[in-house]
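What you see is a predicted model; the values in this text were computed from it and never measured. Every chain is numbered from 1 and lettered A, B, ... according to where its sequence line falls, protein lines coming before strand lines.
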Amino acid sequence: MPELPDVDGFRRVLAEHAAGREVRATVVHDREMLRNRSPQGLGRALRGRPFREPERRGKWLFAPIGDVVLLMHFGMTGLLAWERSDAEPHRHDRIVFRCRGGELRYRNMRRFGGIWVARDEEEAAAVTGRLGPDAAGLNRKAFQELLEHRRGGIKAALMDQRLIAGLGNLLVDEILWTARVHPERQVGSLDRKRRDALFDALRSTLRRSIPTGRVPPRRGWLTGVRDQRDARCPRCNTGLRRTTVAGRPTRWCPRCQRAPR
DNA sequence: TCAGTTGTTTATAT
DNA sequence: AATATAAACAACTG
């Protein structure tokens with residue numbers, strides 16, 4: 001699930017249900033997912049303290065509580081759920097924050113990502129690494145500026161969290177398809193018009209994904225057909241290609257997204 | 001049995 | 001210093 005829109009949905013879960021509530025107990029079902037504290041250390045830092053307003057930075061969720069910030073990353077299959085205290089435990093619930101009237105559950109099937117504790121911004125930065133500006137707050141000028149100084153392939157550039165934070169494989173394929181840019185195009189070969197089209201696609205894709213809490217697999221979107229066996233382009237009905245670009249499985253339309261020269 | 005999967009890190013090469 | 005590529009991590013699903 002987790003790219004920027006998904007993580008923003010998890011932020012809303014925390015903000016709407018857990019913020020302002022005291023943590024009564026923490027339950028660590030999977031020690032390895034708690035990356036830089038012991039289960040006891042987590043309990044000591046959190047017990048009796050209320051969650052405050054969470055913040056999303058790229059694909060990271062920052063959850064301040066007490067004197068620390070919880071840093072959550074969701075890998076490819078993580079999520080955050082608010083559930084009643086008596087709800088059935090889920091097989092992939094890894095870390096649970098029990099509050100009065102419900103509990104926040106960090107669930108993660110594949111176990112990439114995890115939860116870190118940071119005492120200040122410096123410790124947080126050491127965990128997240130350097131992040132570029134958040135994709136959701138980027139303006140056209142800043143976007144153009146970033147691409148000015150970038151070499152190499154456009155797909156790799158858009159997915160690089162140090163350049164722009166928050167875009168993942170699905171979003172980038174959707175954005176490239178919307179802007180009619182071939183995923184292997186070199187950044188330097190894109191003219192102003194193409195870069196503007198990329199920015200427009202980035203903004204419109206995010207605007208419609210964030211409220212949904214995911215890249216919506218709706219009709220008319222690449223994401224709506226990308227997993228089909230003989231997927232066709234929703235715009236021109238040409239058979240989609242599947243290739244590997246920047247190390248990731250990539251879907252694109254050979255007619256809408258012309259190959260680089 | 002085997003390929004494929006929404007993310008990152010590491011090693012290695014260019 | 002940047003960028004590219006492959007493999008590894010893990011746990012499934014089809």
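In this structure, Phe112(A) counts as stacked on the base of dC9(C) under the 5.5 Å centre distance and 30° plane angle limits.
Distances shorter than 4.0 Å separate none of the side-chain N or O atoms of Arg111(A) from OP1 or OP2 on dC9(C). Distances shown here put a side-chain N or O of Arg226(A) below 4.0 Å from the OP1 or OP2 atom of dT6(B). At least one side-chain nitrogen or oxygen of Lys59(A) sits closer than 4.0 Å to the OP1 or OP2 atom of dT8(B). The phosphate of dT3(C) (OP1 or OP2) has a side-chain N or O of Arg150(A) nearer than 4.0 angstrom. Side-chain nitrogen and oxygen atoms of Arg251(A) include at least one within less than 4.0 Å of the OP1 or OP2 phosphate oxygen of dT5(B). Within the structure, every side-chain polar atom (N or O) of His149(A) is placed at least 4.0 Å from both OP1 and OP2 of dA2(C). Residue His73(A) has no polar side-chain atom (N or O) positioned under 4.0 Å from OP1 or OP2 of dG7(B). Residue Arg214(A) places none of its side-chain N or O atoms closer than 4.0 Å to OP1 or OP2 of dT6(B).
Atom C1' of nucleotide dT8(B) and atom CG of Leu131(A) are separated by 12 Å, given to the nearest angstrom. One atom, CG of Asp30(A), and another, C1' of dC9(C), lie 13 Å apart when rounded to the nearest Å.
Residues Pro234(A) and Arg219(A) have side chains not in contact (no heavy-atom distance under 4.5 Å, counting atoms from C-beta outward). Between Thr128(A) and Arg57(A), the closest side-chain pair of non-hydrogen atoms is not below 4.5 Å. Two residues are said to be in side-chain contact when any heavy atoms from C-beta on lie closer than 4.5 Å; Pro54(A) and Phe10(A) fail this criterion. Side-chain contact check for Leu70(A) versus Phe97(A): some heavy-atom pair is nearer than 4.5 Å. Side-chain contact check for Asn108(A) versus His92(A): every heavy-atom pair is 4.5 Å or farther apart.
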Bracket string, DNA chain C, 5' to 3' - pairs by Watson-Crick or G-U geometry under 3.5 Å, | interstrand: .||||||||.||||

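Sequence order on DNA chain B of the closest nucleotides to Arg242(A) and Gln161(A) puts Arg242(A) first from the 5' end. Each of Thr244(A) and Arg151(A) was matched to the nucleotide of DNA chain C holding its nearest heavy atom; the match closer to the 5' end belongs to Arg151(A). Along DNA chain B, the nucleotide closest to Asp227(A) and the one closest to Val127(A) are compared, and the more 5′ of them pairs with Asp227(A).
Interface remark: the Arg110(A) side chain does form a donor-acceptor pair with the dA10(C) base, using a distance-only criterion of under 3.5 Å.
Using a 4.0 Å heavy-atom distance criterion, Ala246(A) is classed as making no nucleic acid contact. Heavy atoms of Gly129(A) sit nowhere under 4.0 angstrom from any nucleic acid atom. Across all strands, Gly168(A) comes closer than 4.0 Å only to sugar-phosphate atoms, never to a base (heavy-atom distances).
Taking CZ of Arg91(A) as the start and CZ of Arg107(A) as the end, the distance is 12.0 Å to the nearest 0.5 Å. Separating the CZ atom in Arg203(A) from the CG atom in Asn139(A) is a distance of 9.0 Å, to the nearest 0.5 Å.
At most 12 heavy atoms of other shown residues, nucleotides or ligands fall within 6.0 angstrom of atom CZ in Arg119(A).
Straight-line distance between the C1' atoms of dA4(C) and dT6(B): roughly 22 Å, to the nearest whole Å.
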